[in-house]
Amino acid sequence: VVFSGFTILDVFGPLQFMSDLSWPFRITLSVIAKDAGAVHSRPPVHHGPDGSVMDMSGMIDVQIVATHTFKTAPPLDILVVPGGIGDLTLLEQKDRSIEDFIISRFNTTEYVLSVCSGAGFLARAGVLEGRRATATKGTWDNVTQYGKNVTWIPSARWVQDGKIWSSSGVSAGMDMMVAFLRHIYGDPVVNNSVNNIEYTPHVDPNWDPFSIVHKVPGANTSMPLEEMLGPLRSYP
């Protein structure tokens, strides 16, 4: 799912890994938005916390083409919901089209994944009720105000609770996607694919130094801020 003002890496980071695996496996992609056609990453005009107008028209604008609308989207196995500043505009406009789409498809999808503030859409849709989840630490208070009976995990790179996978901010969506794909396809094929990309993912879902950096209430402040990284295990 995409919307005007989506965060670029929230979308294209996870898609890189899925794209690579679509060669050995049959994976098809539907990019879904309120309207078909180009969807802009540049955030629309919105208001800041103090009520001032936030005009971000000077930002770089990356576009993605929505192949389907919420009404024409085909059956889905996996639904991925990114975050982005554009969600503030949707909230101001009281536009619940994404939340309504999540509700309409939740029971028929095998997995639902959120990246960064995308967890806010899941919370407002009500699908996180009684579940554990995490979200971006940079705007933690804003995202976690939504939802009923949600156990928000302050120190987590990503969280899996049943069919729902949620990640922390932006780049954490890539780590979650690597873990998710290893869950689906197994380590040998996914590890080799990730090594071909030359990406070193964090593999501990509980490693989250940004919960300390952003002073998230309840964060585990004893964890190291740095972690030694290396390639995943290679398979012949």
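- Ser211 and Lys137 form no side-chain donor-acceptor contact under 3.5 Å, judged by distance and modelled atom types alone.
- A heavy-atom distance below 4.5 Å is found between the side chains of Pro74 and His68.
- Here the CE-CH2 distance, from Met174 to Trp158, works out to 12.5 Å after rounding to the nearest 0.5 Å.
- Side-chain atoms of Thr200 never come within 3.5 Å of backbone atoms of Leu229 as a donor-acceptor pair (strictly under, hydrogens ignored).
- Counting heavy atoms from C-beta on, the side chains of Trp152 and Leu128 come closer than 4.5 Å.
- Side-chain contact between Asn206 and Ser155: absent, with no pair of heavy atoms (C-beta onward) separated by less than 4.5 Å.
- Between Asp61 and Ser41, the closest heavy-atom pair is OD1-N, 3.1 Å.
- Side chain of Asp208 to backbone of Ala156: a donor-acceptor contact under 3.5 angstrom is found.
- A 4.5 Å side-chain heavy-atom check between Val2 and Ile32 finds every atom pair outside the cut-off.
- A cation-pi arrangement is not found for Arg182 relative to Phe180, the charged atom failing to lie both closer than 6.0 Å to the ring centre and inside a 45° cone about the ring normal.
- A donor-acceptor pair under 3.5 Å links the side-chain atoms of Arg42 to the main chain of Met59, judged by distance alone.
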- [ ] Mind running salt bridge (charged side-chain N to carboxylate O under 4.0 Å, His left out) on Asp175 and Arg157 for me, showing each step along the way?
- [x] CA-CA 8 Å; Asp175 296 337; Arg157 191 72 172 161; 2.8 Å; yes
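- What you find for Gly84 and Ser117 is that their closest heavy atoms are N-OG, 3.2 Å.
- Between the side chains of Glu198 and Asn195, no donor-acceptor pair of N or O atoms lies under 3.5 Å.
- Asp141 and Gln145 are not linked by any side-chain donor-acceptor pair at a separation below 3.5 angstrom, with hydrogens and angles left out of the test.
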Task: Intermediate values then yes/no, side chain to side chain contact (heavy atoms under 4.5 Å, CB included), Asp187 and Arg233 - done: CA-CA 8 Å; Asp187 291 357; Arg233 175 188 172 188; over 6 Å; no
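- Proximity of a side-chain donor or acceptor of Ser19 to a complementary backbone N or O of Gln16 within less than 3.5 Å is not detected.
- The shortest side-chain heavy-atom distance between Leu181 and Met177 falls under the 4.5 Å cut-off.
- With a 4.5 Å cut-off on side-chain heavy atoms, Val112 and Trp165 do not count as touching.
- To the nearest 0.5 Å, the span separating CD on Glu99 from CD1 on Ile102 amounts to 6.0 Å.
- Between Val81 and Leu122 the shortest heavy-atom distance is CG2-CD2, 4.2 Å.
- Counting only heavy atoms from C-beta outward, the side chains of Phe6 and Ile85 never approach each other to under 4.5 Å.
- Between Pro154 and Gly218, the shortest heavy-atom contact is CG-O, 3.5 Å.
- Between Ser4 and Val39, the shortest heavy-atom distance links the atoms N-CG1, 3.7 Å.
- Hydrophobic clustering, defined by side-chain heavy atoms of Ile, Leu, Val, Met, Phe, Trp and Tyr closer than 4.5 Å, groups Val53 together with Val45.
- Checked against the 6.0 Å centroid threshold, Phe3 and Phe121 count as a close aromatic pair.
- A side chain to side chain contact (heavy atoms under 4.5 Å, CB included) with Asn192 is found for exactly one of Ser234, Pro236, Pro24, namely Ser234.
- Looking only at side-chain heavy atoms (C-beta outward), Trp140 and His214 stay at 4.5 Å or farther from each other.
- Shown here for Ala73 and Arg105, the closest heavy-atom pair between the two residues is O-NH2, 2.6 Å.
- More than 12 heavy atoms of other shown residues, nucleotides or ligands fall within 6.0 angstrom of atom NZ in Lys163.
- Ring geometry for Phe70 against Phe101 counts as tilted: the plane angle lies between 30° and 60°, on a 0 to 90° scale.
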Task: Test log, rule side chain to side chain contact (heavy atoms under 4.5 Å, CB included), inputs Thr151 and Ile153 - done: CA-CA 6 Å; Thr151 301; Ile153 308 301; 3.9 Å; yes
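- Glu129 has no carboxylate O lying under 4.0 Å from a charged side-chain N of Lys148, or vice versa, which leaves the two without a salt bridge.
- In this structure, a donor-acceptor pair under 3.5 Å is present between the side chains of Thr72 and Thr69.
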